[in-house]
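Here's the structure we're looking at; comments come further down.
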Amino acid sequence: MSAITSYFKDIFLAIKTLITGMKVTGYYFTHARKEIITQQYPENKDTLKMPDRFRGIVTMPHDENNEHSCTGCSACELACPNGSIEIMWDRIEDPDTGKKKKVIDQHVYHYSMCTLCNLCIIACPTDAIKMAQTFEYATFDRKSLTMVLNKPGSKIRKGVEE
Amino acid sequence: MYNFSSLTQSIHDYLASTLSPELTSVVEWTLIGVLLIAFVALSVMGLVYIERKVAAFFQLRLGPNRVGKWGLLQTLADFLKLLMKEHITARAADKFLFNLAPFIIVIAAFLAIGAIPFALGLHIMDINIGVFYISAVSSIGVLGILIGGWAGNNKYSLIGALRSGAQIVSYEISAMLSLLAVVVLAGDLQLSAIIESQADGWWIFKGHIPVFIAFIIFLIAGTAETNRGPFDLAEAESELTAGFHTEYSGIKFAMFFLAEYVNLFIIAAVGATVFLGGWMPFHIGNWEAFNTVMDFIPTIIWFFMKVGFIIGIIMWFKWTFPRLRIDQILVLEWKYLLPINLVNLLVVAFIAMMGWYF
Amino acid sequence: MGGTSFEKRLCRYGKHDFIMIEESTIKEGIKTQEYFVNMGPQHPSTHGVLRLMLELDGENVKKVIPHIGYIHRSIEKMCEKDSYRQIVHLTDRMDYLSAHMNNEAVCLLVENGLEIEVSDRVKVIRTIMSELTRLASHQLWWGVMGMDLGALTSFLYGFRDRELINDIFEETCGARLTMNYNVPGGVMFDIHPNFQQKVKDFIKHFKTKLPEYDDLLSNNVIFRQRTEGIGVLTKEDAISYGITGPTGRASGFSNDIRKHKPYSAYDRVEFKEILMETGDTFSRYKARILEMWESMSIIEQLIDNIPEGEIQSSAVKAVIKLPKGEYYQSVETARGELGVYVVSDGLKSPYRVKFRSPGFSNLFILDHLAHDYKIADLVAMMSTIDLVVPDIDR
C-alpha cells in the first residue's frame, strides 16, 4: 500500500514543482515590457553615460591654451607593468633660469598592449594623465592603436613642477 | 458560421465546366498540393520566428529585431543562408539512404497535415478513421530519423538516432491512447464527427476530470514525440553532437528542421481538434444568445487561436525545464504515463457507459 | 554466459603518450572495445578551453583524462620581472570571477611580509568587495549550471542579477571584471559616495530574487532527479585529493579559510560555514546557494558602519622590497583556497611566485567521480565542481 501512496505522492509533488517553475518564467513573459534588461546599443549612444571612474583609455587632458602638465618624469613608464608607455624626452635650456631641464617630446601610448590597470594614473605626480570614459576604438588598422598623447605644439603649463 | 465549402464548391464548378473531368481532378490536386506546400512553408517560417521571440521574452531580451521590421524577415534570411550552403556527404556514407532520409520525414509530415480540419468546409481528406490515420502516418517519421542516423556513418549520430527512435516510439503509444479518451466519449473516429459532437461545448469541459488528465498526458507525450522541450536529449547542444542530423548540411538540414516544426504544428492541431473543439467556437450548452455571438468570429480564426495556445504551452515547457536523461525519459513513459493512461481510459469508458458527462 | 576476460595493453595515443586500454572478450566470440571520445577544447559546457578525453563503454564513462594548458599564459613567469605593485593586475586574470580575492591575496602577502597594519576602513572595504565578488561568481555559476542541464533561461536570470553587482564595481573601481582595486597597503581610491546606498538596494532586491532561483531549479523534480545521488564524493576522498571550496565543504570537509585563518575583517562578522554530509551533486549545488545567503548576511553586517580611516597605508614605501625569505598567503575564493607562495631575494621583484589554484586540484576528481556514470551525468558533475579554466592553467 505504501508503494502506491508514494507513487501518487511522487506524481503530485512533481507536478507541483513543475508548475512553480513555470509560474516564474510565465511572470517574466507576461511582464516582458518592464522586465527586459537588454540595452539597444547603437541606438542609445546619445544617452549612454559611463561612470566617472570608468577606465576606457589613457588620455592627457589639454586645456584651452593647448597646455598639459606632463613633465617627462617617466614615473608612468616605470609603473606600467608591460611597457605600454614610452616616454621620449629631451633636455632643453629653460629660458627663465638658464638651466637645462627635462621636457617631454612625445608620450607614446600603445593602446594595443594596455591592460587598463590604472597604475600609471596613480603614479603620475602631476596628474597629467587621466582615464577617459570612451571605449569605441575598434579599428581595421593596427597602427592607429599606437597613439601620441601630447598634442603637437603643446607645451607644459607654468608652475607645474613643484 | 461561414461555410468554406461554398467557396470550394464554386471553384470546383468553374473548373468542371471548362475542363474534362480527369483534367479537373488533376488541376484540383495540383492546386491543393501547391497551397499545402505554401502553407507549410509559411507556417514554419512563422513558427520559427515566434519561437525565437517567445524564447527571447522568457529570457528578458528582445529577440530578432534587425532584419525587417520587428525581425519578421529573419527566418527568410536564415533559410536563404541554408539554401546556399554546400551539401557535404561523407565518403563512406550510404548515399541513397543519406539522401532519402529527409524526404521520408517530410512526406510523413505532409500526409498528416492533409487530414486536419482547418475550418468548416476546409478539410482536405475527411477519412472515416481520422484519428487512427493520423497516428499511423506520424509513425512513418521514425523511419526517417533512424535512416538518417544510420546513413551518416557516424557513431555519435547513430547513438542519437537510436535514442530518438526509442523515445518517439514509446511516446506515441501514450499520445494516441490519450486521444482515445475523447473518441470513446464522442463515439466516432472521424475528425469531422468529433468536432460536430463538440457543438455544445468542448470535450475538455464536457468530459471533466478524465479528459483533462488525458489532455495533460497528450501534451507531455506530444512534446516528447517531436523531440522538443525537456525531452530533447537527442539533439542537445551541450551533449556531444547534434544527434541524428549531425551529418546533414544545407537544404537537407533545413528539411529536418522544417519537419520538426511541422510535427509541432500537427501535434498542436490534433490536440486542438480532439480536446479543444477544432474550428468549433466556444459554445456553452444551449445558451443560444452566447453561442450566436461566438459564431461571429470566423471558424478559421478559432482554429488558429487554439493551435497557438497549445503551441505556447509547449514552448513554455521548453524554455523552463532542464533536460531529462534518456533513461529517465523512458521511465517516465513506461512507469508513469502508460499506466495512468490505461486506468484513465477505463474510467472514461465507465463514465461514458453511465452517462456521467455533460 | 561464459566468463569475460579482460586484457590490458598499451596503446600509443598521440605523439608522446601511452594509455592502457582494456579489451574484453566474451567467450562466445564477441569482442567489445572501449572507444575514445574527445570533448574538445571548444565545447559549450567545459567552461573554457579544457579538453577531456573520455573513454566510453557504450554510454558509460570509464575514464576521464583531462588535457589542460590551452590557455597557459605563463603568469608566474611574468611575475618574476614585475614589481610587487605590478603583480596584482596579473592575478585578476587567473580566476577572473573572483578577481578581487586574487588581488587581495597578493596584497595581504606583501603587507604581512612587511609587517604593516592596514587601517580598519581598508579591511572592511576589502571584505565587502570580496563578498560581492563571491556573490557575482555564484550567480554566474548558477546560470551556467542551469544552461548545462538544459534550462536555458536560468543563464539570463543569473546574468541579470550579476549586472547589478558589475554596475556597483564599475562606479567605484572603474572596471567590471578585472578590477585591480587593491594595492599593497590599501585600496586604490576611496569608495564612491553612492556605494553604500547601492549595495543596500542591491541586497534588498536580490533577497527577493534568490527564492526564484530555488523555484526555477532547486526544487524542480527534473533537476533533482538529475543531480541527487550522482557523483558522491566522500570526506576521506575530499581530504586526500585536497578539494577545497564549496565542493569539499559539501562532503563534510571543513576547509573555509575565512574561519580557520581569518584575514581582513572576517574575524568580526558572524557567519556559518556551510557543511553538508552527502557529498553528491545536489549537495554541492545547495552548498553554493546557501553560501550566497551567508555572503549577503556578511555584507549586511558590514555595510552600515564602515569605519573612517586612511585609504592607503603610509608605511608602504615607493619601491617595495620584501626581505629575503619565503612567504605564503591563502584566501578563500569562490572556488576554494587560492594560495600565493613567494620566494624573495630581497630585490624589488620576487624570485619565484607560485599560485596554488583551487581549480587545479578540483579538476582531477572528475576521473574518480565519473566512473560508470553516463555522459549527461558527467556534464552535471562538471558544472557543480565549478571549474574556471584560466585558473587551472595560469
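All figures in this text were calculated on a predicted structure; none of them were measured in a lab. Convention: sequence-line order gives letters A, B, ...; per-chain numbering from 1.
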Task: Residue among A/Thr38, A/Thr20, A/Val24 with most heavy-atom pairs under 4.5 Å to chain C - done: A/Val24

Task: Close side-chain approach of A/Thr25 to C/Tyr157, heavy-atom, < 4.5 Å - done: yes

TODO: Count the heavy atoms belonging to other residues, nucleotides or ligands that lie under 6.0 Å from CG of A/Leu48, then report whether that count exceeds 12.
DONE: yes

Task: More than 12 heavy atoms from other groups under 6.0 Å of NZ on A/Lys9 - done: no

- [ ] Report the distance from atom CD of A/Gln39 to atom CD of C/Glu163, rounding to the nearest 0.5 Å.
- [x] 8.0 Å

Open item on the list: Under 4.5 Å from any heavy atom of chain C, what part of A/Met50 do you find: side chain, backbone, both or neither?
Closed with: side chain

Open item on the list: Report which part of C/Thr178 has an atom under 4.5 Å of a heavy atom belonging to chain A: side chain, backbone, both, or neither.
Closed with: backbone

Open item on the list: Determine whether a donor-acceptor pair (N or O, by modelled atom type, separation under 3.5 Å) exists between the side chain of C/Asn180 and the backbone of A/Cys117.
Closed with: yes

- [ ] Under 4.5 Å heavy-atom distance to chain A, tell me which part of C/Arg93 shows up: side chain, backbone, both or neither.
- [x] side chain

- [ ] Return yes if some donor-acceptor pair links the side-chain N/O of A/Arg55 with the main-chain N/O of C/Glu170 below 3.5 Å, else return no.
- [x] no

TODO: Would you mind reporting whether A/Thr115 and C/Asp92 have side-chain heavy atoms less than 4.5 Å apart?
DONE: no

Open item on the list: To the closest 0.5 Å, what do you measure between CZ (A/Phe54) and CZ (C/Arg176)?
Closed with: 8.0 Å

Open item on the list: Counting only heavy atoms not in C/Tyr351 (residues, nucleotides, ligands), do more than 12 fall under 6.0 Å from its OH?
Closed with: no

Open item on the list: Give the interface residues of residues 76-83 of chain A toward chain C, defined by a heavy-atom separation under 4.5 Å.
Closed with: A/Leu78, A/Ala79, A/Cys80, A/Pro81

Task: Per-residue contact mode, C/Met78 against chain A (heavy atom under 4.5 angstrom) - done: neither

Task: Enclosure of C/Lys209 NZ (heavy-atom neighbours >12, cutoff 6.0 Å) - done: yes

Open item on the list: Is there a side-chain contact between C/Met188 and A/Ile122 in this structure, where contact means two heavy atoms from C-beta onward sitting under 4.5 Å apart?
Closed with: yes

TODO: Please name all residues satisfying side-chain hydrogen bond (donor to acceptor under 3.5 Å, both in side chains) with C/Trp142, sequence neighbours left out, ordered by chain then number.
DONE: C/Tyr285

Task: Side chain to side chain, A/Arg53 and C/His192, heavy atoms closer than 4.5 Å - done: yes

Open item on the list: To the nearest 0.5 Å, what is the distance between CG on C/Leu216 and OG1 on A/Thr17?
Closed with: 11.0 Å

Task: Side chain to side chain, C/Val221 and A/Leu13, heavy atoms closer than 4.5 Å - done: no

Open item on the list: Under 4.5 Å from any heavy atom of chain A, what part of C/Asn220 do you find: side chain, backbone, both or neither?
Closed with: both

Task: For chain A, the option from C/Arg224, C/Glu171, C/Lys81 that forms the most heavy-atom pairs under 4.5 Å - done: C/Glu171

Open item on the list: If the condition is side-chain hydrogen bond (donor to acceptor under 3.5 Å, both in side chains), which residues does C/Asp393 pass it with, not counting sequence neighbours?
Closed with: none

TODO: First locate atom CG of C/Leu156, then atom CD1 of A/Ile36, and finally report the distance between them rounded to the nearest 0.5 Å.
DONE: 10.5 Å

Task: Worked verdict on C/Phe189 versus A/Asn118 for side-chain contact (heavy atoms from CB on, under 4.5 Å) - done: CA-CA 11 Å; C/Phe189 348 92; A/Asn118 218 27; 3.0 Å; yes

Task: Heavy-atom neighbours of C/Lys204 NZ exceed 12 at 6.0 Å - done: no

Open item on the list: Can you list everything that forms a side-chain contact (heavy atoms from CB on, under 4.5 Å) with C/Phe159? Sequence neighbours excluded, please.
Closed with: C/Leu140, C/Phe155, C/Arg162

TODO: Search all heavy atoms of A/Leu119 against all heavy atoms of C/Arg85 and return the closest pair with its distance.
DONE: CD1-O, 4.0 Å

Task: Residues, nucleotides or ligands: over 12 heavy atoms within 6.0 Å of C/Lys354 NZ - done: yes

TODO: Check the surroundings of atom NZ in A/Lys16: do more than 12 heavy atoms from other residues, nucleotides or ligands lie under 6.0 Å from it?
DONE: no

Open item on the list: More than 12 heavy atoms of other residues, nucleotides or ligands under 6.0 Å from OH of A/Tyr41: yes or no?
Closed with: yes

